[in-house]
Amino acid sequence: MVHSWFAGTEPIDHAASGANRDQEGKSMRERHRRKPTRNCAGLDHPGANCLLPARGRPGPSILAAVTWGMILLALGTTPAGGQEPMPVILKSDVGKFQLLRGGQPYFIQGVGGDSRLDQLAAAGGNSIRTWGTERLAEILDQAHQQRLTVCVGLWLGHERHGFDYQDQTAVLQQLNASLDTVRKFKDHPAVLLWAVGNEMEGSGANPAIWYAVDHIAREIKQLDPHHPTLTVIAELGEGKLKSIERFCPHIDIVGVNSYGGISTLAKRYRAAGGSKPYIVTEFGPLGPWEVGKTPWGSSLEATSTEKARQYSDGYQQAVASQRDLCLGSYAFLWGHKQETTATWFGMLLPDGSRLEAVDAMTQAWTGKVPENRCPRIEALRLDRTSGLKPGEQLEARLTAGDPDQDPLTVRWLLRLDSGTLGAGGDAQAEEPSLADAVAGRGHEATLTVPRGGGGYRLFAYVHDGRGGAAVANVPLHVDAPVIPLPASKARLPLVLYADGANNSTYIPSGYMGNTQAIQMTLDCPDQPHSGKTCLKVEYQAADNWGGVLWQSPANDWEGKLPGGLDLSGAGALEFWARGAAGGETVNFVVGSSGTAGPYRDSAKLELNDVRLTTEWQKLRIPLDKADLRRIKAGFGWSLAGQGKPVTFYLDDVRYVAE
């Protein structure tokens, strides 16, 4: 990958980086004996073998459902008074695999994400993938309206998040939660597949994880004879496929998230002995862990034009050319998110403008070039990128054009660059932008170097006025002391945890003390204070101590990275708590201390030695006299060992005004 605006980086072996991704611990987003075949006489190809997701071959009722389902698909509706499932069958014929949906061949042309589904359908996509079950009913209905299917993700705990697969209670709760989802939605006509977990395997060396995956898949087959199962791993790693072959006979399909290694994925999959078909469940541009870096450690992001080529090449190499073994793919990400930068993985901008990755996938899916194509960026250059002094002025030049000769507009923006790579797709706070730092003049701009030292990125956003866009950025470094940018002002009330809350700022990432003894279930259905779920906390040791902080950004213990919120005007943090048995003693906190970094908490307030009862009680940490200009640790709990394991519950955690 060539970055004309920066020299001096070391070349990266992308295939090797993909193959070694697990060993490096840089997975993107945080699984088989050969299943006996049965004769499928009477189906599409009489005499061919078929891997059925059920215990037996379909009888007349299922075949009738197939016929009726095909009629419903044509009509775009479901029978009055209820829903009929659209049966999906995994067929095998002399080592060649194929999905049949409603009796018809179905090759997945999908994306990860659930927004702007009308645009996806118009682009030629036919399926979406979720990672969990939040808003699932709404997503399934919206997908069905656009004649899209859904690969439903059943989120499983990650050991790096504290989940313990030796804890039989936690594993059983996870099983029951997954099966509850299957019972509720198995008959929805938009359901295509059940994806059991996403990158929960870590290195892949823990058999307990694979046993848990297979147990869920086995029970799903008892409940739902119409939809195959898969599990999703982060690249192939060493021994992951062998573990799936050995421990997961009830998993039908292997989902693989692959970025830099996608060009060799099919070859490596076959060489590793994968006997089951695969789906590329995530792919796209090279990840931040797979590219060259600046001398100060910032990953070099490709332009949207370069990324489009990476999407297209990856699809041809691992998907389109491997249709005997590959059942399709889900490109990442249909939408936008902050992950290292604001634009690294998104195929769309926040305003819905499509980037060239969408054009690339449209052509791959339909075989046709889009009627109107996105702008293209050849290069973004800056006079200098390092050793910069505050107040200096630099000239930036963008080389861009439009294949349809549409007139282009350019928006320039300077953002802070913390250099955060993240892990497993964990949520990250958006990097702050600096107003008035750039004066744009079309394809040229003048940048005034900010006063604060550290890393920044200069972004150029190009729009064609017809829904198409392009984006590029160049990292730069200011040689000066870091001057913290003000924290973003919070809107009150601010909900940290509740049913339906979308808190992307504070992440429960700060595990402390005896972390192996801590287990948190974020969607526990056990007697919530409000809504359908609450937060269950388990400390599974009798001694020592443990706790968790909700951090912004995740794992910034030293206060070196921008983040947090300005909570000035908040009068209190209010929340509800109860104990499982009563008598549990727990401490609660806002903010943290002991850090000397430029982005440290401006205050720390505690509510100590709270003795819980089995009834919900409202608790309150007053904030009216505190300096709340930057709160990095939005909430936290801790407790000392109490001679036995401790379980308590939290719900409706929010900041409220004075």
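Positions are given from 1 along the sequence. The analysis underlying the following values was restricted to heavy atoms, covering all of them including side chains, and did not include hydrogens, waters or symmetry mates. Only a predicted model underlies this, so the values are computations on that prediction, with no experimental measurement involved.
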Test W550 against every option in Y655, F575, W637, F635 by the ring pair (Phe, Tyr, Trp, His ring centres under 6.0 Å) rule and name the one that passes.
F635
I'd like to know whether Q519 forms a side-chain hydrogen bond (donor to acceptor under 3.5 Å, both in side chains) with D167, so could you lay out the CA-CA distance, the side-chain angles of the two residues, the decisive distance to 0.1 Å, and finally the verdict.
CA-CA 9 Å; Q519 172 64 40; D167 181 346; over 6 Å; no
Any side-chain heavy-atom pair of L494 and T505 under 4.5 Å
no
Any non-hydrogen side-chain atom of L230 less than 4.5 Å from a side-chain atom of Y278?
no
Atom [atom1] of residue position [X] - does it have more than 12 heavy atoms of other residues, nucleotides or ligands inside 6.0 Å?
X    : atom1 : answer
Q516 : CD    : no
K644 : NZ    : no
E138 : CD    : yes
R611 : CZ    : no

Is there a donor-acceptor pair under 3.5 Å between the side chain of [X] and the backbone N or O of [Y]?
X    : Y    : answer
Y539 : L639 : no
K221 : T229 : no
Y165 : V171 : no
S433 : R415 : no
T130 : G132 : yes
S127 : T149 : yes
H529 : W616 : no
S552 : G564 : yes
R246 : S243 : no
Q551 : G510 : yes

Distance in Å, [X] [atom1] paired with [Y] [atom2], rounded so as to fall on 0.5 Å steps:
X    : Y    : atom1 : atom2 : answer
L148 : Q142 : CG    : CD    : 10.5 Å
Y649 : C524 : OH    : SG    : 5.0 Å
D526 : K536 : CG    : NZ    : 5.5 Å
L565 : R630 : CG    : CZ    : 9.5 Å
K184 : T133 : NZ    : OG1   : 9.0 Å
E201 : N206 : CD    : CG    : 11.0 Å

Looking at every heavy atom in both [X] and [Y], which two are closest together, and how far apart are they?
X    : Y    : value
A143 : I128 : CB-CD1, 4.4 Å
L192 : R101 : CD1-CD, 4.0 Å
W334 : R116 : NE1-O, 3.3 Å
Q642 : T585 : NE2-O, 2.7 Å
L623 : A572 : CD1-C, 3.6 Å
V495 : A501 : CG1-CB, 3.6 Å

Quiz question: by atom type and distance under 3.5 Å, do the side chains of [X] and [Y] form a donor-acceptor pair?
X    : Y    : result
T533 : D499 : yes
N198 : R129 : yes
D187 : H226 : no
E199 : N257 : yes

So, F332 versus W131, ring centres under 6.0 angstrom or not?
yes
Taking only Lys NZ, Arg NE, NH1 and NH2, and the carboxylate oxygens of Asp or Glu, determine whether R578 and E615 approach each other closer than 4.0 Å.
no
